[in-house]
S.K.: 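The structure's right below; bear with me while I get my questions together.
Chain naming here is simple, since letters A, B, ... match the order of the sequence lines and numbering starts at 1 in each. Since the model is a prediction, treat every value here as computed from it, not as a measurement.
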Protein chains: 2
Amino acid sequence: MLSKKTKYGLKALTFIARQEGDVPVQVGEIAKGEQIPQKFLESILLTLRKAGVLGSKKGKHGGYYLRNEPSEINMADVMRVLEGPIAMVPCVSLNFYEKCDDCVNEAQCSVHKLMIQVRDSNLNVFKNTTLADLSFSG
Amino acid sequence: MLSKKTKYGLKALTFIARQEGDVPVQVGEIAKGEQIPQKFLESILLTLRKAGVLGSKKGKHGGYYLRNEPSEINMADVMRVLEGPIAMVPCVSLNFYEKCDDCVNEAQCSVHKLMIQVRDSNLNVFKNTTLADLSFSG
DNA sequence: GTAATTCCTATTAAATCTATAGGGTTAATG
DNA sequence: CATTAACCCTATAGATTTAATAGGAATTAC
């Protein structure tokens, strides 16, 4: 199940991408427009900023903006920030590999075999989908 | 993240598939062989039996066996039983569709768009992988 | 200097996952 | 037919994670 954090984060990114103006977009605006609890959204946007996806401007008339063009922001990066590793088990994670305690023989492990395929297939989707794909057109 | 329930369930199915004998496989055997808490495993196998994946024989010398050939058991069915819907959000689930409360326009929702692709890609993997693929050979 | 906004930490509330407990039911065996 | 070994079933406790809230600190426009 997709976490609310990720769901809200994706919606917020889309919302920002669609505001084509030059001024940063405020949390309150996004929260209202997308029906997201404002304080929760604050922490999510903060995470995205710290990860380098968003930039921010503080103080009055402050807000958030994209650090790159929507077409340059791919979902693999975004999902890793919001949802964590793309792999469903650490033993098939490319970026966060960890051996299973219980698993004796990784090469023969059925979970390992299946999850490698899932990882590859998801990675393929995420890498090839950009924020622009999600934000514009039908 | 893959739940332990699913992980254990997959390992157990593989274990049973690899026992080529005619006698049912006992929970205790699987638990020992795969390092799974026995009582937890019991409940998982019960779930798989109720879903029609496994059959069981009660009483002394009882145990579990596959209801179909490993090559006929596909992972889409197994994952639905163990992990729940394959879709990461209800609004893209084929078998368990539900509209989002918050989402005003499904067609324009970025989460919806992305998750449809993820669902299709995962479904493709799960439907085309059988228990035989996971159990035998390298 | 006041108002508006992001920034940061802590905490609580809710939900889910993992595991255990305890016994009921069924069947093989001598 | 008693004993034993296995699955069957429900409930519940413990642990972890997720979701949301609270309260203010720091920063900037005006």
S.K.: Going 5' to 3' along nucleotides 2-17 of chain C, which nucleotides have protein heavy atoms under 4.0 Å from the base (write B), which only from the sugar-phosphate (write S), and which from neither (write -)?
M.R.: --BBBBB---------
S.K.: How many whole angstroms separate atom CD1 of B:Ile44 from atom P of C:dT20?
M.R.: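 Nearest whole value for this atom pair: 12 Å.
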S.K.: Could you pull out the closest heavy-atom pair between B:Glu42 and B:Tyr64, with the gap in Å?
M.R.: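 Closest approach of B:Glu42 to B:Tyr64, heavy atoms only: O-OH, 4.4 Å.
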S.K.: Please determine whether a side-chain nitrogen or oxygen atom of A:Tyr8 lies at a distance below 4.0 Å from atom OP1 or OP2 of D:dA19.
M.R.: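 For D:dA19, neither OP1 nor OP2 has a side-chain N or O of A:Tyr8 closer than 4.0 Å.
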S.K.: Nearest-Å distance, CG (B:Leu41) to P (C:dT20)?
M.R.: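 Rounded to whole Å, this separation is 12 Å.
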S.K.: Measure across B:Ala76 and B:Lys127 and return the closest heavy-atom pair with its distance rounded to 0.1 Å.
M.R.: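 That would be CB-CG, 3.9 Å.
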S.K.: Using atom CD1 of B:Ile36 as one end and atom P of C:dT20 as the other, report the distance to the nearest whole Å.
M.R.: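 Interatomic distance, CD1 of B:Ile36 to P of C:dT20: 13 Å.
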S.K.: What is the distance, to the nearest angstrom, from the CD atom on A:Gln35 to the P atom on D:dA19?
M.R.: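 Answer to the nearest Å: 17 Å.
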S.K.: Does a donor on one side chain sit under 3.5 Å from an acceptor on the other, for B:Ser3 and B:Glu83?
M.R.: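 Side-chain D/A pair, B:Ser3 to B:Glu83: present.
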S.K.: With sequence neighbours left out, write down each residue that passes side-chain hydrogen bond (donor to acceptor under 3.5 Å, both in side chains) with A:Ser121, or none if nothing qualifies.
M.R.: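 A:Ser121 satisfies side-chain hydrogen bond (donor to acceptor under 3.5 Å, both in side chains) with B:Ser121 only.
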S.K.: Just by modelled atom types, is the A:Asp120 backbone N or O under 3.5 Å from a matching donor or acceptor in the A:Asn124 side chain?
M.R.: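 Between the backbone of A:Asp120 and the side chain of A:Asn124 there is no qualifying donor-acceptor contact (under 3.5 Å).
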S.K.: Find the distance B:Leu54:CG to D:dC8:C1' and express it as a whole number of Å.
M.R.: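 The distance from CG of B:Leu54 to C1' of D:dC8 comes to 14 Å, rounded to the nearest Å.
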S.K.: Given 3.5 Å as the limit, does a donor-acceptor pair link the side chain of B:Arg119 with the main chain of B:Ile86, or not?
M.R.: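 A pair under 3.5 Å: no.
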